[in-house]
Every structure is written in structure tokens, then in C-alpha cells.
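Worksheet for the structure shown next.
Atom set for the values below is all heavy atoms of this structure, side chains included, hydrogens, waters and symmetry mates excluded. Numbering of ligands and ligand atoms starts at 1, following listing order. The first residue of the sequence shown is numbered 1, and numbering continues consecutively from there.
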Amino acid sequence: MCGIVGFIGHGNVQEVLVNGLEKLEYRGYDSAGIYVAEEKGKGHLFKEVGRIAALKEIVDFELPATVGVGHTRWATHGAASQQNAHPHQSSSTRFSLVHNGVIENYQQLQAEYLSDVVLSSETDTEIVVALIEYFLVTEGLTTKDAFKRTLEVIEGSYALGLVDVENPTVLYAAKNKSPLLIGRGEGFNVIASDAMATIDVTSEYVEIKDKELITLTQDAVIIENFAGETVERSSYVAEIDASDLDKGAYPFYMLKEVDEQPAVLRRLLQNYQGDDQQFAFEADMMKTLLASDRVYIVACGTSYNAGWIGRSLFEKLAKIPTEVHLASEFAYDLPLLSEKPFFVFLTQSGETADSRQALVKVNELNYPSLTITNVKGSTLSREASFTLLLHAGPEIAVASTKAYTAQITLMAMLADALRAAKGFEASFDMERELSLVASIMESILAEKAEIKAWIDANLMETRNAFYIGRTLDYYVSMEAALKLKEISYIQTEAFAAGELKHGTIALIEEGTPVIALVSEETVGAHTRGNVEEVKARGANTIVISMQDVAREGDTFVIPKVETALSPLVMVVVTQLLAYYTALGRGLDVDKPRNLAKSVTVE
Ligand code: F6R
């Protein structure tokens with residue numbers, strides 16, 4: 001949450017900062033700002049409520065600046081106002097700071113050191129920049145030492161970029177738990193929350209570790225630990241195709257990403273293809289997984305929903321007992337663990353603070369872990385014992401779509417590899433079935449007009465809706481409901497169809513939309529019974545079914561795929577339902593209210 005970018009050296013500073021913020025807007029978009037300095041004592045602050053487009057209107061791009069920092073905000077402390085927007089400044093305006101994260105002891109620090117300082121915002125960040133000035137003045141420190149002194153007393157998560165207008169040849173940075181990278185260029189250096197932000201100026205990046213102090217000039221990068229020792233670290237080339245960041249002819253990234261799913265699935269098949277018809281995974285990881293007695297999948301949101309499908313695949317195909325846990329609960333209420341647990345962290349971004357907190361706990365206990373992520377080099381990937389990449393390309397829409405199907409595909413391949421390694425007979429050819437899934441996804445994506453027409457007639461006015469299903473269809477319902485509610489603001493809940501009559505059916509009124517998923521005969525017949533029950537109470541029902549179990553009158557019928565993989569195709573219809581509902585309601589599909597992608601605060 002929140003995106004930061006900083007630049008020092010030759011180039012159009014304002015342009016790099018604003019372009020960078022536009023690419024980071026997915027991380028938060030309630031307000032934005034930049035601070036630039038052109039020479040000693042001459043700095044300029046621009047802040048605006050709303051999107052980067054609003055900031056762009058007020059920035060003076062002609063100023064000959066040499067250093068600057070920028071920020072796009074997802075409010076944690078204080079409302080989304082101009083006052084609370086970053087950069088924040090010390091009271092003399094000498095220091096300007098951008099921050100992503102949460103300073104947990106800011107009130108205590110304020111009481112201890114800053115009782116005489118008049119603050120102008122409600123943010124924890126302003127305390128940090130005020131402290132830098134306080135230590136510089138009261139303890140006679142240099143800027144670098146005052147910054148370091150501040151880092152030693154603040155607690156919580158942070159990625160920080162700092163400019164001292166008295167020395168505009170230096171840009172300072174530091175991080176703890178929140179992501180931040182250094183980008184190296186010819187005659188300039190940058191910092192960014194995500195390499196994507198500055199990929200058009202450099203592809204060479206250097207990782208920053210927690211609790212290091214970074215000093216950048218236009219030609220040098222100095223990394224020091226808190227003991228003052230210099231740390232040498234080599235750079236790497238970020239493999240981001242700048243064209244992946246472009247939405248082309250699509251009106252929204254979400255639709256582009258929904259459409260990309262068949263290609264992502266095929267890319268995954270290719271990337272994990274081994275010899276002799278088997279999927280290939282790192283031998284060490286397979287050995288550790290096979291030696292474990294239970295898999296614990298830990299994740300949030302859409303990734304958590306994918307985890308339930310993963311559980312079914314691991315248990316049914318590889319016969320490994322598997323549990324699924326919400327990361328935000330897991331670290332603070334650890335379940336009674338088995339003797340040889342193996343942890344799987346599902347995270348598109350690899351930066352989610354709740355998941356990371358759980359991984360920290362797992363690492364403290366010395367248990368093996370695997371991060372399945374879309375972002376190479378992300379925090380959870382670096383900190384887990386093993387990583388598997390989703391190869392889905394950047395997912396920019398806040399509502400996750402292709403990462404969900406990529407996670408399920410990857411877990412299906414992994415479950416199949418584990419099955420084979422354990423010597424169990426395959427009940428179907430995973431590779432062939434996944435190829436078929438990709439083709440069927442394409443055929444569903446060709447039916448957009450039909451899906452849109454149904455929505456226009458049924459979902460435009462409703463305040464609430466329900467998804468129902470049993471077993472795998474229930475797990476897909478969880479994801480379908482999340483997608484619809486987060487981008488259309490229709491209060492949508494998923495229910496295990498059999499549970500309705502135990503209470504929730506009381507909510508059904510004349511016209512309430514109830515969308516049932518039916519992909520399998522045995523449980524499907526019961527779900528259909530539940531559909532009749534809500535229909536009898538006035539619900540406006542629709543059924544999305546799979547061809548072999550379809551009945552006359554079903555609203556959408558999907559060509560048959562292997563039941564274990566049905567979520568991969570069923571979900572596509574529900575993604576389109578969510579997309580066209582939000583579109584029809586005139587909403588910003590890619591940037592739903594109150595949300596941000598990459599949730600880096602707990
Ligand atoms: C919903 C959505 C979120 C994320 C969740 C976890 O569309 O995108 O629910 O799935 O914030 O994010 P990752 O997977 O990056 O850990």
C-alpha cells in the first residue's frame with residue numbers, strides 16, 4: 001500500500017517521479033504528491049487529493065530539479081486530504097519525506113521528543129520527519145546521522161525516501177518490512193516500491209534489506225548497516241517487459257488480465273514442463289514436501305480463495321492432508337501443528353504484510369516453506385525456503401484474476417508431480433486436461449456479449465446478491481463473491497448451498513439475485529434443490545453449470561473439463577459477471593474505492 005519513488009541526478013526529475021507514481025497508483029490512489037529540489041535551499045512541494053492525474057495538473061515540469069521524492073497514498077493514519085498527503089516536511093521545511101508503512105510507536109515518540117513541535121497533519125509519517133529535524137538540532141548530528149538515529153527509535157513497517165534541501169546532491173532511503181528497491185542509471189539513481197515504476201528509465205536494480213541506510217548521489221549508491229559498515233551488493237536485471245504495463249486497446253486492465261488467462265496457463269505448462277511427461281519442480285523442494293506429513297496453505301483474499309482449491313488438489317491427487325489458513329489470523333493464533341508441517345504461502349504480490357508476518361513466525365519455528373508468487377525477488381519469495389513463480393505477467397487491476405487461475409494451475413501441476421512421486425496412478429492426464437482448460441477459457445471469453453446482456457437485465461439495480469455452491473463450487477463462489485463485491489459494491493456473499501436453510505435464507509427477498517454454480521452431478525443435484533428453495537421465496541436465480549450436468553434453463557453452460565479443474569473455468573464466467581456489473585454501474589473497475597493492490601500493512 002502506498003507507492004514511493006525517488007530520483008537523483010540528470011534527467012527530468014518531475015517527469016520520472018510522476019510517471020513512476022502513475023505506475024504505482026495500483027498501490028493506493030486517494031492522494032499524491034512530489035517534492036523536488038533544484039539547488040541548496042530551493043525546493044518545491046506539490047500535493048493533491050485524488051488520483052495522479054490531479055497531481056499532474058499542478059506540477060511544474062519546467063523546474064530544473066536534481067533530486068526529488070514522490071508518493072501515492074492509501075490512507076492509514078488520517079483521512080485522504082491534502083494535509084495528510086505525502087511528502088511530509090519538518091517544521092523548518094528543510095526535510096521532506098515519503099513513507100509507505102505504519103509507524104507503530106509514533107504517539108509515544110511524539111510525546112517523548114516532539115511535545116513542542118506543531119504538526120500539520122494526522123499522519124505517523126510527519127512524526128518521522130519531525131524527529132529527523134529534532135535529532136539534527138538537539139544532538140548536533142549530520143543529516144545522515146539524524147536519519148539513522150530516527151531509524152533506531154521508530155518501530156513498525158516503513159519504506160522511506162528523504163530529501164534535505166540544504167544538500168540536494170543526496171537522496172536518503174531505508175526500509176523495514178515494506179518493499180523498496182534501488183535502481184541504477186547512467187548519471188542518476190532512483191528508489192521505488194516496485195521496479196515497474198522506473199522500468200522505463202532503468203532495468204538494473206539493487207535489493208535493499210531491512211534496517212539498512214541508503215545514501216544515493218547521482219553517481220554512487222552506498223548501502224550501510226546500522227553499525228555503519230558498508231555492504232556490497234550486486235545488482236540484477238528486472239525482467240519486466242514495459243509493454244506488459246500497457247493496457248493497449250482495453251478499457252481496463254482487469255479485462256485485459258481476464259483475457260490473458262489462457263495464455264498464462266499455457267506459459268505455466270511450458271515453464272514447468274519436464275522430461276517424460278512429468279512436471280518438473282526443484283528436487284530439494286519435492287523431497288521436503290514428500291517428507292512432510294501436512295501442508296498448511298496460508299494466504300489472504302483471492303489467494304486464500306485459491307488456497308481452498310489447492311487443498312482439494314493436494315488431498316485428492318497427492319493424498320497429503322492440507323489445511324488452509326487466513327494469514328492475518330494464522331500468525332497470532334497458530335493451529336496445533338503436525339510433526340512435519342510444510343507451509344505454502346500463496347501471494348500474487350509476494351509483499352502482503354499479513355502473509356509475511358505468518359512467514360516470519362514459520363521461519364522462527366524453523367519449518368520449511370514455499371512461496372507461490374507472481375513477483376520474482378519479492379519479500380515472501382526471498383524469505384521462504386522455496387519459490388515457485390506464476391509467470392502471469394504484471395497484474396495491475398486491483399481485483400486479482402489471472403493470479404488466481406495461475407495459482408490453481410500451479411498447484412494442480414505440483415499436486416500431480418507429488419502424486420507421481422508417491423507412485424499413485426493418475427486418474428486423468430493433467431497436462432492434456434490443463435491444455436483443454438485453456439481452450440475452454442477461450443471459448444468462455446468469446447461469450448462476453450451474452451454475459452453482459454444477462455447482467456444488464458439482472459444485476460444493475462440490486463443492493464445484494466448471493467453465490468451458492470457445494471465443495472469446489474462453494475470455493476469458487478467465495479472468489480466470485482469477493483470479485484463482485486469489491487468492484488461493483490454490491491453486497492455479495494458466498495454460501496455453501498446446504499447452509500442457506502440454516503439461517504441465511506431469511507435474507508432472500510423478492511428479486512434477490514442468487515447465482516448457483518453446478519459443476520458436478522452428486523453435489524450439484526443438492527445445489528439445484530437449494531436453488532428451488534430460494535426461488536420459492538422470490539429469488540432471481542441463475543445457474544452456471546458444466547455441460548455434462550447441465551439442465552434445460554441453465555443460464556450459462558460451460559464445456560466439460562475434469563471436475564478437479566472445474567474452478568479454472570467456472571471462475572472465468574464470474575470474473576466477467578463482476579467486470580460488466582462494475583462497468584455498467586459506471587465505476588472505475590481497476591481502482592475500486594477504499595482498496596489498493598499489494599497490501600503492505602497488517
Ligand atoms: C482481491 C485481491 C486481494 C488479494 C489479497 C492478497 O481481488 O486481489 O484479495 O488477493 O490482498 O494479495 P496477495 O496475493 O498479493 O498476497
Just say parallel, tilted or perpendicular for the rings of Tyr236 and Tyr205, cut-offs at 30° and 60°.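 Plane angle between 30° and 60°, so tilted.
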
Parallel, tilted or perpendicular: ring planes of Phe466 versus Phe495, cut at 30 and 60 degrees: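 Aromatic pair Phe466/Phe495 classed tilted.
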
Is it the case that Thr401 and Gln261 place a side-chain donor and acceptor less than 3.5 Å from each other?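 Note: Thr401 and Gln261 side chains miss the donor-acceptor criterion.
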
Distance-only side-chain donor-acceptor flag, Thr379 / Glu351, under 3.5 Å: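 Yes, side-chain donor-acceptor contact under 3.5 Å.
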
Drop me the distance from Phe345's CZ to Leu380's CG, to the nearest 0.5 angstrom.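 The CZ atom of Phe345 sits 7.0 Å away from the CG atom of Leu380.
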
Show me the side-chain donor-acceptor pairs of residues 69-76 shorter than 3.5 Å, one per line, residues at least two apart or across chains.
{"from": "His71", "atom 1": "NE2", "to": "His86", "atom 2": "ND1", "distance (Å)": "3.4"}
{"from": "His71", "atom 1": "NE2", "to": "His99", "atom 2": "O", "distance (Å)": "2.7"}
{"from": "Thr72", "atom 1": "OG1", "to": "Gly28", "atom 2": "O", "distance (Å)": "2.6"}
{"from": "Arg73", "atom 1": "NH1", "to": "Ala79", "atom 2": "O", "distance (Å)": "2.9"}
{"from": "Arg73", "atom 1": "NH2", "to": "His77", "atom 2": "O", "distance (Å)": "2.8"}
{"from": "Arg73", "atom 1": "NH2", "to": "Gly78", "atom 2": "O", "distance (Å)": "3.0"}
{"from": "Trp74", "atom 1": "NE1", "to": "Asn594", "atom 2": "O", "distance (Å)": "2.9"}

Does ligand 1 have any N/O pairs with the protein under 3.5 Å, and how far apart?
{"from": "ligand 1", "atom 1": "7 (O)", "to": "Thr302", "atom 2": "OG1", "distance (Å)": "3.3"}
{"from": "ligand 1", "atom 1": "7 (O)", "to": "Ser400", "atom 2": "N", "distance (Å)": "2.9"}
{"from": "ligand 1", "atom 1": "7 (O)", "to": "Lys483", "atom 2": "NZ", "distance (Å)": "2.8"}
{"from": "ligand 1", "atom 1": "7 (O)", "to": "Glu486", "atom 2": "OE1", "distance (Å)": "3.3"}
{"from": "ligand 1", "atom 1": "7 (O)", "to": "Glu486", "atom 2": "OE2", "distance (Å)": "2.5"}
{"from": "ligand 1", "atom 1": "8 (O)", "to": "Val398", "atom 2": "O", "distance (Å)": "3.3"}
{"from": "ligand 1", "atom 1": "9 (O)", "to": "Thr302", "atom 2": "N", "distance (Å)": "3.2"}
{"from": "ligand 1", "atom 1": "10 (O)", "to": "Thr302", "atom 2": "N", "distance (Å)": "3.1"}
{"from": "ligand 1", "atom 1": "12 (O)", "to": "Thr352", "atom 2": "OG1", "distance (Å)": "3.4"}
{"from": "ligand 1", "atom 1": "14 (O)", "to": "Ser303", "atom 2": "OG", "distance (Å)": "2.6"}
{"from": "ligand 1", "atom 1": "14 (O)", "to": "Gln348", "atom 2": "N", "distance (Å)": "2.7"}
{"from": "ligand 1", "atom 1": "15 (O)", "to": "Thr347", "atom 2": "OG1", "distance (Å)": "3.4"}
{"from": "ligand 1", "atom 1": "15 (O)", "to": "Gln348", "atom 2": "N", "distance (Å)": "3.4"}
{"from": "ligand 1", "atom 1": "15 (O)", "to": "Ser349", "atom 2": "N", "distance (Å)": "2.8"}
{"from": "ligand 1", "atom 1": "15 (O)", "to": "Ser349", "atom 2": "OG", "distance (Å)": "2.7"}
{"from": "ligand 1", "atom 1": "15 (O)", "to": "Thr352", "atom 2": "OG1", "distance (Å)": "3.3"}
{"from": "ligand 1", "atom 1": "16 (O)", "to": "Thr347", "atom 2": "OG1", "distance (Å)": "2.7"}
{"from": "ligand 1", "atom 1": "16 (O)", "to": "Thr352", "atom 2": "OG1", "distance (Å)": "2.5"}

